[in-house]
Amino acid sequence: MTGLLAFMERWKPGSTEGFEPATAEQIVALAKPHGGLHALPPVYREFLETMGASTGDLRLTFGTTSISALLADLAAPQRERPDSRHFLKFAIGEDDDNGRQPDEFFELTRPTPDGRDAAILSIREEDLVSRKSNAERLFPTFSDWLRSIVASRVVFETEPEKQTQYYSLGEQPGTPARAYEFFTRLGFSLTELGASADVVLLEQPERGAIALLSAPSTWIPRTGVQLRARDKTQQRLLEEIFSDHEKALSGG
């Protein structure tokens with residue numbers, strides 16, 4: 001979380017204002033139905049200790065991750081809920097013009113190999129209980145979810161709106177590795193937000209540029225690249241360089 005805050009402030013000063021941590025009592029109360037504090041993936045506990053009460057102006061989901069809302073949901077009148085040993089809700093979907101948005105859950109029985117994180121899924125709670133529909137796996141883990149959303153909200157979706165370029169590099173399995181090697185040759189390196197095999201965020205300080213690499217998934221079965229530089233001249237130069245190598249990176 002310290003690295004996340006540093007990254008956000010570097011790219012958008014003031015973007016961490018309004019963050020409010022959850023209290024120790026709130027975190028204990030949220031963890032209790034799931035077996036206690038040890039059941040919380042450590043990366044999520046750090047998230048709660050940093051911005052569990054409020055994420056300020058940073059909207060992470062179509063709904064809320066506020067711990068007060070999660071605790072109120074737990075205290076709601078008795079209803080059938082997903083098995084608390086297997087699932088922990090960390091975001092509540094909202095009702096809007098497009099209908100009810102999905103909730104977000106940890107799959108507590110599918111921790112990452114280092115034990116710090118866990119698999120996540122997106123589905124309305126009642127559908128998870130009734131198994132009426134399949135859950136979506138938009139991101140493999142909470143860290144990938146948070147890394148991707150922060151990069152998008154803080155870097156790629158800021159003004160000027162059309163400066164970020166999006167590329168689709170196809171479905172070949174070796175494409176993410178080729179893209180990673182390509183950007184490292186250009187002087188890009190990992191940011192404080194870290195990386196995984198599925199989501200890699202790279203930065204080139206001298207060019208003032210960011211690249212987000214996304215491996216193929218069941219949601220989007222292609223390698224994706226998002227590329228943005230602060231300076232328009234550097235942006236055009238990077239786009240020209242990338243375009244010259246795009247076919248080779250795709251495996252064509």
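- Closest of all the heavy-atom pairs between L227 and A211 is CD1-CB, 4.1 Å.
- For A179 against L213, the heavy-atom pair with the smallest separation is C-CD1, 4.0 Å.
- Atom CD of E157 and atom CZ of R228 lie 10.0 Å apart (nearest 0.5 Å).
- Annotation for A91 and L70: closest pair N-CD2, 4.1 Å, computed over non-hydrogen atoms.
- Remark: the E9 side chain and the T16 side chain contain an N/O donor-acceptor pair separated by less than 3.5 Å.
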What side-chain donor-acceptor pairs closer than 3.5 Å can you find for residues 188-195, not counting sequence neighbours?
residue : atom : partner : partner atom : Å
T191    : OG1  : L193    : N            : 3.1
E192    : OE1  : R10     : NH2          : 3.0
E192    : OE2  : R10     : NH1          : 2.6

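- Identified under the side chain to side chain donor-acceptor pair (under 3.5 Å) test for residues 31-41, with sequence neighbours left out: none.
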Salt bridge (Lys or Arg N to Asp or Glu O under 4.0 Å) evaluation trace for E239 with K232
CA-CA 10 Å; E239 289 175 17; K232 290 184 178 180; over 6 Å; no
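- A distance-only check finds no donor-acceptor pair linking the side chain of S122 to the backbone of P102 [under 3.5 Å].
- Hydrophobic clustering of Ile, Leu, Val, Met, Phe, Trp and Tyr side chains at less than 4.5 Å, counting indirect connections, keeps V129 apart from L74.
- The side-chain contact (heavy atoms from CB on, under 4.5 Å) search around A69 returns T64, S66, I92, not counting sequence neighbours.
- The CD1 atom of I241 sits 10.0 Å away from atom OG of S243, with the distance rounded to the nearest 0.5 Å.
- Take T50 and apply the side chain to side chain donor-acceptor pair (under 3.5 Å) test, not counting sequence neighbours, and it matches no residue.
- The environment of CZ in R185 is crowded: more than 12 heavy-atom neighbours from other residues, nucleotides or ligands sit within 6.0 Å.
- For F242, the ring-ring contact (aromatic ring centres under 6.0 Å, His included) partners two or more places apart in sequence, or in a different chain, are Y167, F182, F183.
- The side chain to side chain donor-acceptor pair (under 3.5 Å) test applied to Q101 returns D96, not counting sequence neighbours.
- Under the rule for a side-chain contact (heavy atoms from CB on, under 4.5 Å), T2 has no partner lying at least two apart in sequence or in another chain.
- With hydrogens and angles disregarded, no donor-acceptor distance shorter than 3.5 Å links the side chain of E246 to the backbone of L169.
- Judged by distance alone, with hydrogens and angles left aside, the side-chain atoms of Q204 form a donor-acceptor pair with the main-chain N or O of L186 at under 3.5 Å.
- No side-chain heavy atom of R137 sits less than 4.5 Å from a side-chain heavy atom of I120.
- Other residues, nucleotides and ligands contribute at most 12 non-hydrogen atoms within 6.0 Å of the CZ atom of F62.
- When each of L201, T164, V150, I210 is checked for a side-chain contact (heavy atoms from CB on, under 4.5 Å) with V155, only I210 meets the rule.
- D103 places no side-chain N or O within 3.5 Å of a backbone atom of R124 that could act as its donor or acceptor partner.
- With a 4.5 Å cut-off on side-chain heavy atoms, L37 and I27 count as touching.
- Looking at heavy atoms from C-beta onward, T65 lies in side-chain contact with F47 at the 4.5 angstrom threshold.
- Defined by atom type and a distance below 3.5 Å, a donor-acceptor pair is present between the side-chain atoms of R207 and Q234.
- Between P41 and L108 the shortest side-chain heavy-atom distance falls below 4.5 Å.
- Of the candidates E171, Q172, R178, T175 forms a side chain to side chain donor-acceptor pair (under 3.5 Å) with just one, namely R178.
- The side-chain heavy atoms of P176 and P216, taken from C-beta on, include a pair separated by under 4.5 Å.
- Applying the salt bridge (Lys or Arg N to Asp or Glu O under 4.0 Å) definition to pairs two or more places apart or across chains, those involving residues 52-69 are R59-E94.
- Looking only at side-chain heavy atoms (C-beta outward), L58 and M8 come within less than 4.5 Å of each other.
- Checked by atom type and distance alone, the side chain of T141 never pairs as donor or acceptor with a backbone atom of A119 at under 3.5 Å.
- Listed by first then second residue, pairs satisfying salt bridge (Lys or Arg N to Asp or Glu O under 4.0 Å) with a partner in residues 21-31 number zero, not counting sequence neighbours.
- Residues that satisfy the side-chain contact (heavy atoms from CB on, under 4.5 Å) test with K12, not counting sequence neighbours, are S15, V154, T158.
- Within the structure, the salt bridge (Lys or Arg N to Asp or Glu O under 4.0 Å) test picks out the following pairs touching residues 61-77 (sequence neighbours left out): D73-R79, D73-R81, D73-K89.
- Counting heavy atoms from C-beta outward, S196 and V199 have side chains that approach closer than 4.5 Å.
- Summarising the local packing, CZ of R85 is surrounded by 12 or fewer heavy atoms from other residues, nucleotides or ligands at distances under 6.0 Å.
- The ring-ring contact (aromatic ring centres under 6.0 Å, His included) pairs that include a residue from residues 73-132 are Y44-F106, F90-F106, F90-F142, F90-W145, F106-F142, where partners are two or more places apart or lie in different chains.
- For the atom pair CD1 of I123 and CZ of R131, the computed distance is 9.0 Å after rounding to the nearest 0.5 Å.
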